[in-house]
Each structure stands twice: as structure tokens, then as C-alpha cells.
There are 2 protein chains.
Amino acid sequence: MARQNTVFKEAYNRCLGDLCGRDRLPSEPELGEKYGISRTTVRAILSRMRDCGLITWDKRQKIILRPPQDQDYFPEDETNSLNDIIEKSFMKRILTGDAEPGTQINEAELARDIGAGTTSVREFLIRFSRFGLIEKRPNSHWILKGFTMEFALELTEVREMFELRSAAAFATLDRDHPAWANLDEIEQEHLEMLADIDNRYKDFSPLDEKFHLLVHKVSGNRFVVDFYDVIAFIFHYHYQWNKAYARTRNERALREHLDYIAALRSRDSGEIERACRVHLRSARETLMESVPH
Amino acid sequence: MARQNTVFKEAYNRCLGDLCGRDRLPSEPELGEKYGISRTTVRAILSRMRDCGLITWDKRQKIILRPPQDQDYFPEDETNSLNDIIEKSFMKRILTGDAEPGTQINEAELARDIGAGTTSVREFLIRFSRFGLIEKRPNSHWILKGFTMEFALELTEVREMFELRSAAAFATLDRDHPAWANLDEIEQEHLEMLADIDNRYKDFSPLDEKFHLLVHKVSGNRFVVDFYDVIAFIFHYHYQWNKAYARTRNERALREHLDYIAALRSRDSGEIERACRVHLRSARETLMESVPH
DNA sequence: TAATTGTATATTGTAGATAAAAGACAAAAT
DNA sequence: ATTTTGTCTTTTATCTACAATATACAATTA
């Protein structure tokens, strides 16, 4: 098959979730906008909903007939894009320490294991190479450099350089810059999470990413922001598979963030640098502890 | 056709150049090592040389019969790898200002213009995206962000951060670290080029790259070194198509490098920072002047 | 016995094909 | 006068196939 209709299936599921508590659906362009898909895909979704007896659909009239049931949803594993499947499968190998640094990576073998075509795997590896974990020998194989202590140190060195600079730049933003409002919002989310930390400590990862991305973005430098992708990517998978002490670590990070946010708001450059360094140091330690050894 | 034999043709031409001034060729593995190719390709080269009457070849005996003539060489445009062709063609569009920032990039159209398959163009674009000049909308087109003033400023900002840090680290290297010997060598090349600047100013670009790469490498940080690739890439094409004032600019840069090298050797951190900043500022100006406007 | 060669096999680089998804535009509806 | 829809076209994502190139291993040579 040439391409899986995962965009359709994934959007269909999201759309089902929004079917409750209303009696009709908005226009096709509006739905496309809402779910981030084209009208072609919206129409495919509407067609299927009609065929399943979920709605009636006649031009502008899209009337909801019944709420969705479990069997209306597509199975979750059919909604992941091929790239996500490859990425997840590959990261599992690397971060759980299955594959030794220095190992050769074989495109065809990897493709076979994952159940994807070689082109897709190849494109994934090219995209992935910017994370510094693999390296290509032209006309020959890839080499796994591995999630090692050196990697963690090099990554955090650059991260600290960039974040200290971005944090310093934060203090110089106009009072009416939208970043201040975002900061308030993020602070609020921190407080809410801390108030119910026992149940919510697992949701920390996306909030962490949101906060640091905001800081990096004020650098106004695409290379700095792009580099934060690398950090976020590594931390994302790290949080997923390294649960040890998650509760303690995350609570500590939340409190450090609040201190950091207060420092930013003070616009005092010395204070910002201090708070930023404190947090970056513990982030580094967290990462280093997660290196397989 | 599935793949062009450019590796073979390019290595064949290099091998022809080494045919003069000797009467026999070394073993197959040795040749493979020398030209960076596999034995399979070495044997293909030897076969053709025999067929063309350049050598006799019987097992270990590879006797050279005659020096190569012009018609023995493959035409130069058959020796460029497909990726180089795509890269060059694409960079020409961007740097000469043909394509406006914000333009959509169409994979199929680009492939047709260049005369390559879509897969190769697609892979090129993925690799190229790390340079920050294009950006992908998933399931849709690429957008050309363009070689703009913002790009030049963001690029140089990071470059300066990284190079100042690497230069500072240079001073802390052991006396017997190989980088010092490399530095001496590079200084010598600078002096030679300056002595005959009128004729040799065009060869500055590779020397420039060699020097800065040496500095960046002592950081021992893969992200810093990888980022220098971006710089080198941009400067490479910039030197190729922007000849204005080349003579003046290059002579000035050579002198700044010599000053910078002397500062590194002094191991005086203040002096290093001064010399490094002086050169980085003029490098930034050079780049900014080359932005189409 | 260590390097080299002959031969067979495995892997990469690239083209071409096709379904999914995006996008364009005129007709229809508010 | 917009917005929405119906229809058609374009483009991307992905698979498969195959020549170029790399790699593995046994046979041969020095």
C-alpha cells in the first residue's frame, strides 16, 4: 500500500470525541481548521460518520443522531503516523540500552523489524541524525553513537549556553509582550499541578517543555529554538521510560520553575542567572542519571 | 536507472592522475584505502584501465603501460554525486536571490528541473532543513525562508557564542595536544597565501574553513562542531557566487586570522577574546553584505 | 602465516508508481 | 457579497524494484 490513512483515522477519532453535547456540526472549512486537516479529509470523515449512522449529512445540514460508542473509534495503533511508529521503536532501542554504542545500523533490517518500507526508515534516520545520536558513513551504514554520558554532557553544555542567554533576554522584553501573559498562564499551571502533585506528577513533561520553549523562543533565534527540539525530544522519551524517582524529581523541578519564573518577572539579571543556573544544574543531573551504565 | 556510477568515475579520474611517475600499482586493498572506496570499485577501475590499455593486470602484477591522456578521463559533470548536483542547483536558486522568501517549494517540480528522482530531492530537503533556510509543513509543502538579513544575524549570533567559547578552551589545551601542531601548519599556509595574495586570494575559502573548524573542534562538543557545518556551508557557497571585493576581504581575513592565531598561542584569555571578536565582527559584516537586498 | 585475490552476498542510493491528503475553482446557498 | 459545497487537480508519503557499491569469506600467493 502506498500510504496509510492515519491522518483520517486520527482526526476521525478526535472528531468523535467532540460529538457529545451538541446537536449539529459546523461547516467543512471550520472543521478543517479545528482539526488541522484539509477539506478533503473532513469530507471523508463526514461520509463515514453518515455511513455509521452517527449523523445525517445534507449539504449544510449535519445533524448528530447519536453519541459515539467504543466500537465507533478506530483502534489507537492505527492512528499513529508511520513516522511516529518508527521514531518510537527506534528510541526504545536506544534509550533502554538495548543497542551498544558503536553498533552499525542497517536500514533494510530496521525496516523489516519495524514493518515499514526502507524509504521511510531512511528518511527517519536522516531527520534523526540532527540529534547527534547517529552518524552516517556515506555509501555505507549508519553508526549508533549512543545515548552516552558524553552525549548528555555535550547536550547540556549547549543547552545551558542557550538558555542562560534567552533568560537574560527575557528581562528586556516590553511590558506588553505576549510572553509575559504566557508566563502567567504557565505559572498558574505549575501551581495547579503542585496542589495535586500526588496524582498529577506524571503530567509534568509537557508543562516542562512548554515553559522552557517559551524561554528559548524569546531569543528570536531559529537555531536556539531548533536546538531546544533536541532537548525536548530527549527529555520526552526519557520521562516515558525512566520512571525512577519521577515524583520527587518532578516536584523539585516544579518548585525550581516557580523560583525561575519569579526571577524572570523581577527583571533582575543577577537573580535570573542564579535561578536559571540552579534549575539547569538539576536538569543536567536528572539527565545524567538516566544514561544507561 | 537505479544509481549512477559516480563513485567509480570520480575515483577512476583521481586514480588516473596518480598514474604518472611510477611503473606499477599497489595491492587492491591499498588502493581502496587510498581513494576511500571498496575493493569492488577498485577492481572495476583496474578492469577499465586494462581495457583501455593503460595497464596490464594479472593478479598481483599491475604494470603501468602509458600515462593517461585527456580522453581517458571521464567528463567532470559525470563525476558529481547526485546529491552534490541537487545541492548546488538548489543553493544557486537561494543565494542568487532568484527565489523570494516565503515561496513554496514543490518536490516534484524541483526534481524535474534538476533532472533527479523525487526521492533524492526529498531526502536532500530533509537533510538541508537543518540549515534553517527552509521549513516543512507536514503533509504539505516546504516553505523557503530564504537567505535574509534575519538569517545572517541569527547564524552569526550562535556562531559567535560557540567560537568565543571554543577559542577560550583552546588556551587550556596541553602543550602536546595535536591542535597546536595543526595551528602551526595552518599559520604557515596563511603566510604562504599572503606572500602571493594577488594570485591566490581565491583559495581562501577552504583555508578559512580549516582554521575555524580546528578552533570549533577543541570544544569537544558535537553540537558545536555540527553547527560549524552550517557556517562552512553558507560561506562556501557565498564565496563561490559573491566575488565582489574578494581580494580585499580575503586579505583582511587572512591578517585577522594571523592575529587570532598569535592570540591563541599566547594563551592569554583576554587577548584571545579580543582577537576573536575582531575577526568575528568582520566575518559577520562580510556575510551581511552578501545578503540579497 | 599474513596479505592478496576471486567470488558470492548484502546493503545502499535512486527511480518510478500509487493511495492519501491537500489545494483550486466554479456553482450553489445564505 | 460572503461563505459553503461539489468536483477536479496537484502534491505528498510510502512502497517496491534494481544497479552501484560495500562487505564477507574461502582460495591463493608470497
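Fair warning: this is a prediction, and the values are worked out from it, not measured in the lab. Residue numbers start from 1 in every chain, and the chains themselves are labelled A, B, ... in the order their sequence lines are given, proteins ahead of strands.
If you take CG of A:Leu125 and P of C:dT11, they are 15 Å apart, rounded to a whole angstrom. Rounded to an integer number of Å, the gap from B:Leu31 CG to C:dT4 P is 11 Å. Atom CD of B:Glu123 and atom P of C:dT12 are 12 Å apart (whole Å). For the pair A:Ile45 CD1 and C:dA22 C1', the computed distance is 14 Å after rounding to whole Å. In this structure, the CZ atom of A:Arg122 is 8 Å from the P atom of C:dT12, given to the nearest Å. Regarding A:Ile105, its CD1 atom lies at a distance of 10 Å from the P atom of C:dT12, rounded to whole Å. Distance A:Gln104 CD to D:dA22 C1': 11 Å, rounded to the nearest Å. Following rounding to the nearest Å, A:Asn139 (CG) and D:dA20 (P) show an atom-to-atom distance of 13 Å.
A donor-acceptor contact under 3.5 angstrom links the side-chain atoms of B:Thr119 to the base of C:dG16. B:Arg3 contributes a side-chain N or O that forms a donor-acceptor pair with the base of C:dT12 under 3.5 Å. Under 3.5 Å, the side chain of A:Ser38 and the base of C:dA21 form no donor-acceptor pair of N or O atoms.
Nearer the 5' end of DNA chain C, as judged by each residue's closest nucleotide, is the contact made by A:Thr118, out of A:Thr118 and A:Thr40. If A:Ser120 and B:Asn5 are placed on DNA chain D by their nearest nucleotide, the residue sitting closer to the 5' end is A:Ser120. Each of B:His141 and A:Pro29 lies near DNA chain D, and the nucleotide nearest A:Pro29 is the one positioned closer to the 5' end. Along DNA chain C, the nucleotide nearest to B:Pro26 and the one nearest to A:Phe8 differ in position, and the one closer to the 5' end is contacted by B:Pro26.
Atom CZ of A:Arg43 and atom CH2 of A:Trp57 lie 4.5 Å apart (nearest 0.5 Å). The CG atom of B:Leu65 sits 11.5 Å away from the CE atom of B:Met49 when rounded to the nearest 0.5 Å.
Nucleic acid contact for B:Thr6: sugar-phosphate only, since backbone atoms but no base atoms lie under 4.0 Å from a heavy atom of the residue. Using a 4.0 Å heavy-atom cutoff across all strands shown, A:Lys136 reaches sugar-phosphate atoms only and no base atom. Using a 4.0 Å heavy-atom criterion, one finds that B:Ala44 contacts no nucleic acid atom at all.
Applying the 4.0 Å criterion to OP1 and OP2 of D:dT21, one finds that A:Ser140 has every side-chain N and O outside that range. The shortest distance between the side-chain N/O atoms of B:Arg39 and the OP1/OP2 oxygens of C:dT5 is not below 4.0 Å. The side chain of A:Asn106 contributes an N or O atom lying less than 4.0 Å from OP1 or OP2 of C:dT12. Remark: A:Thr41 is not in phosphate contact with C:dA21, judged by side-chain N or O atoms under 4.0 Å from OP1 or OP2. At D:dT28, none of the side-chain N or O atoms of B:Lys59 fall inside 4.0 Å of OP1 or OP2 (strictly under the cut-off). Between A:Arg60 and D:dT5, a side-chain N or O to OP1/OP2 separation shorter than 4.0 Å is absent. Considering only side-chain N and O atoms, A:Lys62 lies nowhere under 4.0 angstrom from the phosphate OP1 or OP2 of D:dT4.
Heavy atoms from other residues, nucleotides or ligands lying under 6.0 Å from NZ of A:Lys145 number more than 12.
Remark: B:Asp229 engages B:Arg130 in a salt bridge, criterion side-chain N to carboxylate O under 4.0 Å.
For A:Ala108, the side-chain atoms get nearest to C:dT12 when compared with the rest of C:dT12, D:dT5, C:dA20.
Ring centroids of B:Phe223 and B:Phe227 are separated by 6.0 Å or more, keeping the two rings apart.
Inspection of the B:Thr148 and B:Glu150 side chains reveals an N or O donor paired with an N or O acceptor under 3.5 Å.
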